[in-house]
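Notes follow once the structure below has been shown.
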Number of protein chains: 2
Amino acid sequence: METEQVGRRDEDRDVTRVDSLAREVFAGIANKWALLVINILGERTLRFTELRAEVEGISHKMLTQTLRGLERDGVVRRTVHPTVPPRVEYRLTEAGQALRGTVNGMCAWTRRYLDEIEGARRRFDARRADAAR
Amino acid sequence: METEQVGRRDEDRDVTRVDSLAREVFAGIANKWALLVINILGERTLRFTELRAEVEGISHKMLTQTLRGLERDGVVRRTVHPTVPPRVEYRLTEAGQALRGTVNGMCAWTRRYLDEIEGARRRFDARRADAAR
DNA sequence: CGGGATCCCGCGCGATACTG
DNA sequence: CAGTATCGCGCGGGATCCCG
């Protein structure tokens, strides 16, 4: 899992290039809130408020917004139980599940390199600090 | 590669939770410009201007900013050739290489589900449109 | 409880100009 | 060519209020 060799294929470029829909979709998930939400919903189905508690620091508005986006793209399924008070549950769709690996990869990477990164930052900041002297 | 089963481990939560450094780092790469740049530099080493041409739509300022961030976190290595005019090359570090798999995963996912997503969007928008009636 | 709508502030980001 | 700095505006996003 560590250093998997990846053969780039030409079509990979489509995402980064002209295809505007692909770019839009990519941008929609390549954002921290979306990824964090996917990461959490990967574990289990959650209600809005529960989810909000899990994703530390997200505002009410950003969560709804993120969820709408993911729902619209068919990554998340929203289920409303018509009770009172209402009970709304969010879970990953099939497509959403397919993203778990990727998202987990990013989390794993962060953990794996955290110390190195901390060091890299210190060195970088130090260099700049005395360059600014 | 498609639907890799991933066992969640408890530590995965660290990234999404209290550890502020991890969160910061995660947020740094979980953004579309950073991921696009990593994706492109995964292919080959590039100069600033070349890179700018590859990442369609990125502004001069955003590119520098993104590159500084990645350099600071030790994801990208910046090499200055003291010629005139200056030649500056960017390439992935070891840590950066380790991200390629993940980033490619996101690209692959986008391609793989693009049609489904397009359909999901149409249905979603249609539902809202007549709900708004 | 879930989530729309509105208001408004702050800063993200683009444009432009200047240095080495 | 690569990069920093400055300015200015536009909109992202938080706070708040209301509704089913």
Side-chain angles (χ1 to χ4, degrees), chain A residues 23-24 27-37 40-41 44-73 75-91 124-125 127-133, chain B residues 23-24 27-37 40-41 44-72 76-91 124-125 127-133:
Chain A
R23 274 292 282 265
E24 209 184 303
I29 51 169
N31 115 317
K32 74 168 177 174
W33 292 132
L35 291 176
L36 288 176
V37 165
I40 303 226
L41 286 184
R44 56 201 182 95
T45 297
L46 286 174
R47 305 179 56 174
F48 184 86
T49 313
E50 292 166 341
L51 192 48
R52 180 148 157 54
E54 294 289 318
V55 187
E56 331 234 328
I58 197 170
S59 72
H60 180 93
K61 182 180 180 178
M62 275 312 289
L63 182 56
T64 4
Q65 211 167 280
T66 303
L67 286 170
R68 286 303 154 273
L70 294 177
E71 189 194 354
R72 181 165 114 103
D73 286 354
V75 172
V76 157
R77 172 150 41 239
R78 176 170 175 272
T79 318
V80 184
H81 297 83
T83 60
V84 45
R87 176 180 197 87
V88 182
E89 293 187 329
Y90 292 94
R91 63 184 316 176
F124 182 90
D125 293 345
R127 249 181 292 134
R128 312 215 98 206
D130 86 353
R133 182 237 44 267
Chain B
R23 274 292 282 264
E24 210 183 303
I29 50 170
N31 113 318
K32 74 169 176 175
W33 293 132
L35 291 176
L36 289 176
V37 165
I40 304 227
L41 286 183
R44 56 201 183 95
T45 297
L46 286 173
R47 306 178 54 176
F48 185 86
T49 314
E50 294 167 341
L51 192 50
R52 180 148 156 54
E54 294 288 319
V55 187
E56 330 235 328
I58 196 170
S59 73
H60 181 92
K61 182 178 178 179
M62 275 313 287
L63 182 55
T64 359
Q65 211 168 283
T66 304
L67 285 170
R68 286 302 155 274
L70 293 176
E71 189 195 353
R72 182 165 114 102
V76 157
R77 173 150 42 239
R78 176 171 174 271
T79 317
V80 183
H81 297 84
T83 62
V84 45
R87 177 181 196 86
V88 181
E89 294 187 328
Y90 291 94
R91 64 184 316 178
F124 183 89
D125 294 344
R127 249 181 293 131
R128 311 215 98 206
D130 85 352
R133 183 234 39 270

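Proteins get letters first, then strands, A, B, ... in listed order; numbering begins at 1 in each.
- Applying the side-chain hydrogen bond (donor to acceptor under 3.5 Å, both in side chains) rule to A:R47 yields no partners; only residues at least two apart in sequence or on another chain are considered.
- What separates CG of B:L70 from P of D:dG3 is a distance of 13 Å, to the nearest Å.
- Residues from residues 78-86 of chain A that place a heavy atom under 4.0 Å from any atom of DNA chain C, listed by number: A:R78, A:P85, A:P86.
- Sorted by first and then second residue, the ring pair (Phe, Tyr, Trp, His ring centres under 6.0 Å) pairs involving residues 53-72 of chain A (not counting sequence neighbours) are A:F48-A:H60.
- Remark: DNA chain C forms stems of 3 or more consecutive Watson-Crick or G-U wobble pairs, all pair distances under 3.5 Å, at C:1-20 with D:1-20.
- One interatomic measurement links the two molecules: NZ of B:K32 to C1' of C:dG12, which rounds to 13 Å at whole-angstrom precision.
- Here the P atom of nucleotide D:dC1 and the CG atom of B:L51 are 15 Å apart, to the nearest Å.
- A:E71 is linked by a side chain to side chain contact (heavy atoms under 4.5 Å, CB included) to A:R68, A:R78, B:F124, B:R127, counting only residues two or more places apart in sequence or in another chain.
- In this structure, B:R47 does not reach the D:dG3 phosphate: none of its side-chain N or O atoms is under 4.0 Å from OP1 or OP2.
- Residues satisfying the side chain to side chain contact (heavy atoms under 4.5 Å, CB included) criterion with A:V84, sequence neighbours excluded, are absent altogether.
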Could you tabulate the donor-acceptor pairs under 3.5 Å formed by side-chain atoms of residues 29-37 of chain B, not counting sequence neighbours?
from: B:N31; atom 1: OD1; to: B:W33; atom 2: N; distance (Å): 3.3
from: B:N31; atom 1: OD1; to: B:A34; atom 2: N; distance (Å): 2.7

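- Considering CG of A:L46 and CD1 of A:I40, their distance stands at 7.5 Å, rounded to 0.5 Å.
- Regarding B:N31, its CG atom lies at a distance of 16 Å from the C1' atom of C:dC11, rounded to whole Å.
- In this structure, the CD atom of A:E89 is 15 Å from the P atom of C:dC1, given to the nearest Å.
- If you check distances only, the side chain of B:H60 never reaches the base of C:dG14 with a donor-acceptor pair under 3.5 Å.
- The phosphate of C:dC1 (OP1 or OP2) has no side-chain N or O of A:Y90 nearer than 4.0 angstrom.
- Residues passing the side-chain hydrogen bond (donor to acceptor under 3.5 Å, both in side chains) test with B:E24 are A:R121, sequence neighbours excluded.
- Taking A:R91 as the reference, nothing meets the salt bridge (charged side-chain N to carboxylate O under 4.0 Å, His left out) condition, with sequence neighbours excluded.
- Residue B:R87 is out of contact with every strand shown, counting any heavy-atom pair closer than 4.0 Å.
- A distance of 4.5 Å separates OG1 in A:T66 from CD1 in A:I58, rounded to the nearest 0.5 Å.
- Summarising the geometry, the separation between CD1 on B:I58 and C1' on C:dA15 is reported as 15 Å, rounded to the nearest angstrom.
- Applying the salt bridge (charged side-chain N to carboxylate O under 4.0 Å, His left out) criterion to B:R52, with sequence neighbours excluded, gives no partner residue.
- Distances shorter than 4.0 Å separate some side-chain N or O of A:R68 from OP1 or OP2 on C:dG3.
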Practice item. Sugar-phosphate means primed atoms, P, OP1 and OP2; the rest is base. With that split, encode nucleotides 8-13 of chain D 5' to 3' as B, S or - using protein heavy atoms under 4.0 Å. Key: -----B
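- Partners of A:R87 under the salt bridge (charged side-chain N to carboxylate O under 4.0 Å, His left out) rule, at least two apart in sequence or in another chain, are A:E89.
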